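If you read the sequence from its start, that first residue is 1, and numbering goes on from there. Keep in mind it's a predicted model, so treat the numbers as computed, not measured.
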Amino acid sequence: MTETTFTPRVFSGIQPSGGLTLGNYLGAIKRFVDMQDQGDYQTVYCMVDLHAITAKMLDPATLRHNTRELAAGFIASGISPEKSILINQSQVPEHTQLAWIFNCVARMGWMGRMTQWKEKSGKNAEAASLGLLAYPALMAADILIYHATHVPVGEDQKQHLELTRDIAAKFNHDYGVDFFPITEPVIEGAATRVMSLRDGSKKMSKSDPSDASRINMTDDADTIAKKIRKAKTDQDALPSEIEGLKDRPDVRNLVNIYAALNEQTVEQVLADVGGQQFGTFKPALAELAVAKLAPISTEMARLMNDPAEIDRLLAKGAMQAREIATPILKKTYEIVGMVGA
């Protein structure tokens, strides 16, 4: 069997669950933009609205708003509908059609071992939706319907990508083909995991009761600056070496954020700011954050005032996506033995 050469292609998606934060931007969206602008890959970015209803059914108006807001966040952050394919998942039916095939490839034991299934189903797993159990197979289909070769992921998604690789390998083995790529994870960046501004040991989250714990991508310049000025730190000066961040999670978080926003390494930042007090560092971080983030929130607000334009761009993206997905699904059906494929 000859080895297949796959087009270098990136796929990634975010759930439109509302409330984009700095963590979403630095941990995911900024990296999406960087990969788009490298020009080394074709890039496909997705609002995974079908995944958003696995835990609970959202109010329809809320889901529509969240999907458009996420699309606005993507575009305002620099994801260009001219350079990338930008879609919402439900507009490309090939995702769910391939997911059914993968439901039949994946094993129940694989699904039951998924950490997010255990966490989200809790002690009353029998009351959880079938979609919550099966959604890793849909995630695999999201990726493999485009023969994506690379996926930028955070540490918390590595297990899902491993399952995607297992499904691809089992399908290829069972049918004696080299049809689906064994997708590679891309994990990089100084702030792939952004922590709370009020507690550096906890991940920044839109569900935190304190709005001061996070920077929302819809925050204006004054709000961004105020939240950074009030961010939790300690009494000691900033260290000059990474070792000095040990056991200082709040300080490490702010340095990571500065490094990611300024496209520096943590080492470079500490070389510049080592010895500074927070009365000097925080205003510098606030100025940097406002310069980088305020234009995004302004553009998001403009886009959200024209939902028809967002819908037009997503419809265009769906057509482009289906040009890739349709022949891949057709060939999958042929391999499996579907009559008429």
Problem - More than 12 heavy atoms of other groups within 6.0 Å of Q268 CD - result: yes

Exercise for the section: Could you tell me how the ring of F278 sits relative to the ring of F281: parallel (under 30°), tilted (30 to 60°) or perpendicular (over 60°)? Expected result: perpendicular

Exercise for the section: On the 0 to 90° scale, with breaks at 30° and 60°, tag the F6-H147 ring pair as parallel, tilted or perpendicular. Expected result: perpendicular

Practice task
Would you indicate whether the side-chain heavy atoms of R252 and K246 approach each other to under 4.5 Å?
Solution key: no

Problem - Evaluation steps, side chain to side chain contact (heavy atoms under 4.5 Å, CB included), between T326 and E94 - result: CA-CA 7 Å; T326 299; E94 288 80 6; 3.0 Å; yes

Handout entry: Same cluster (ILVMFWY, side-chain, under 4.5 Å), I87 and L329
Key = yes

Fill in the blank from the handout: When rounded to the nearest 0.5 Å, the distance separating CG of L50 from CD of Q91 is 11.0 Å

Problem - Carboxylate-amine/guanidinium contact R64 D49, below 4.0 Å - result: no

Practice task
Could you pull out the closest heavy-atom pair between V10 and P152, with the gap in Å?
Solution key: CG1-CD, 3.6 Å

Problem - L293 to M217 - nearest heavy-atom pair and separation - result: CD2-CE, 4.0 Å

Exercise for the section: Taking N216 for its side chain and T218 for its backbone only, find out whether a donor-acceptor pair lies under 3.5 Å. Expected result: no

Practice task
Work out which heavy atom in M300 is nearest to a heavy atom in A76; give both atom names and the distance.
Solution key: CG-CB, 3.7 Å

Exercise for the section: State plainly whether one hydrophobic cluster holds both V251 and I242, where clusters connect Ile, Leu, Val, Met, Phe, Trp and Tyr through side-chain heavy atoms under 4.5 angstrom apart. Expected result: yes

Handout entry: Residue pair P181 / A148: nearest heavy atoms and the distance that separates them
Key = CG-O, 3.6 Å

Handout entry: Backbone N/O of L261 and side chain of K30: donor-acceptor pair under 3.5 Å
Key = no

Problem - D250 side chain to G200 backbone, donor-acceptor under 3.5 Å - result: yes

Handout entry: For L254, the option from V269, L238, L197, I228 that meets side chain to side chain contact (heavy atoms under 4.5 Å, CB included)
Key = L197

Completion exercise
Quick note, side chain to side chain donor-acceptor pair (under 3.5 Å) partners involving residues 72-82, not counting sequence neighbours, are E82-K316

Problem - Approximate separation, where rounding is to 0.5 Å, of L70 CG and F74 CZ - result: 4.5 Å

Exercise for the section: State, to 0.1 Å, how close T280 and Q276 come at their nearest heavy-atom pair, and which atoms those are. Expected result: CG2-OE1, 3.6 Å

Give the table of side-chain donor-acceptor pairs shorter than 3.5 Å for residues 331-341, with sequence neighbours excluded, one pair per line with atom names and distance.
unit_1	atom_1	unit_2	atom_2	d
T332	OG1	I328	O	2.7
E334	OE2	K330	NZ	2.9

Handout entry: Test log, rule side chain to side chain contact (heavy atoms under 4.5 Å, CB included), inputs D208 and K202
Key = CA-CA 10 Å; D208 192 304; K202 295 180 180 178; 5.6 Å; no

Practice task
Kindly say whether D178 contributes a backbone atom to a donor-acceptor pair with the side chain of N172 at under 3.5 angstrom?
Solution key: no

Problem - Distance, nearest 0.5 Å, that separates CG of D219 from CG of D211 - result: 6.0 Å

Practice task
Would you check if the side chain of R68 reaches a backbone N or O of L303 as a donor-acceptor pair within less than 3.5 Å?
Solution key: no

Exercise for the section: Identify the two heavy atoms, one from P8 and one from T149, that lie closest to each other, and give their separation to 0.1 Å. Expected result: CA-OG1, 3.5 Å

Problem - Any donor-acceptor N/O pair, S84 side chain to L86 backbone, under 3.5 Å - result: no

Practice task
Go through Y25 and L22 one step at a time and tell me if the side chain to side chain contact (heavy atoms under 4.5 Å, CB included) criterion holds.
Solution key: CA-CA 5 Å; Y25 175 69; L22 178 65; 4.3 Å; yes

Handout entry: Side-chain donor or acceptor of R214 paired with backbone N/O of G19 under 3.5 Å
Key = no

Practice task
Report yes or no: does Q42 contribute a side-chain atom to a donor-acceptor pair with the main-chain N or O of I85 at less than 3.5 Å?
Solution key: no

Handout entry: Pairs meeting criterion side chain to side chain donor-acceptor pair (under 3.5 Å) with involvement of residues 287-306, two or more places apart
Key = E299-R302

Exercise for the section: Indicate, with yes or no, if I145 and V177 share a hydrophobic cluster defined by side-chain heavy-atom contacts under 4.5 Å among Ile, Leu, Val, Met, Phe, Trp and Tyr. Expected result: yes

Problem - Joint hydrophobic cluster, Y146 plus L98, side-chain heavy atoms closer than 4.5 Å - result: yes

Practice task
Determine whether L270 and P239 make a side-chain contact, defined as any pair of heavy atoms from C-beta on separated by less than 4.5 Å.
Solution key: yes

Fill in the blank from the handout: Separation between OG1 (T54) and CD (Q15), nearest 0.5 Å, reads 5.5 Å

Handout entry: Flag side-chain contact, heavy atom, 4.5 Å: V194 against N256
Key = no

Handout entry: K282 NZ to Q277 CD distance, which is reported to the nearest 0.5 Å
Key = 12.0 Å

Fill in the blank from the handout: To the nearest 0.5 Å, atom CD of E184 lies from atom NE2 of H150 at 6.0 Å

Exercise for the section: Show your reasoning for whether side chain to side chain contact (heavy atoms under 4.5 Å, CB included) applies to M304 and I310. Expected result: CA-CA 8 Å; M304 287 300 288; I310 295 174; 4.0 Å; yes

Handout entry: N/O donor-acceptor pair under 3.5 Å between K158 side chain and P185 backbone
Key = no

Practice task
Determine whether I14 and M35 fall in the same hydrophobic cluster, where Ile, Leu, Val, Met, Phe, Trp and Tyr are linked whenever their side-chain heavy atoms lie under 4.5 Å apart.
Solution key: yes

Problem - Side-chain donor-acceptor pair present, S17, K206, cut-off under 3.5 Å - result: yes

Validation: residues 132-142 side-chain donor-acceptor distances under 3.5 Å, sequence neighbours left out:
unit_1	atom_1	unit_2	atom_2	d
Y135	OH	Q116	OE1	2.7
Y135	OH	H160	NE2	3.4
D142	OD1	Q89	NE2	2.9
D142	OD1	H95	ND1	2.7
D142	OD2	H51	NE2	2.8
D142	OD2	Q89	NE2	3.2

Problem - pair R165-E162: side-chain heavy atoms closer than 4.5 Å - result: yes

Problem - Qualifying residues under side chain to side chain donor-acceptor pair (under 3.5 Å), relative to T96, sequence neighbours excluded - result: none

Problem - Test item: Q159 side-chain N/O and T115 main-chain N/O as donor-acceptor pair under 3.5 Å - result: yes

Could you list the donor-acceptor pairs under 3.5 angstrom formed between side-chain atoms of residues 100-111 and any protein atom two or more places apart in sequence or on another chain?
unit_1	atom_1	unit_2	atom_2	d
R107	NE	V105	O	3.1
R107	NH2	C104	O	2.8
R107	NH2	V105	O	3.2

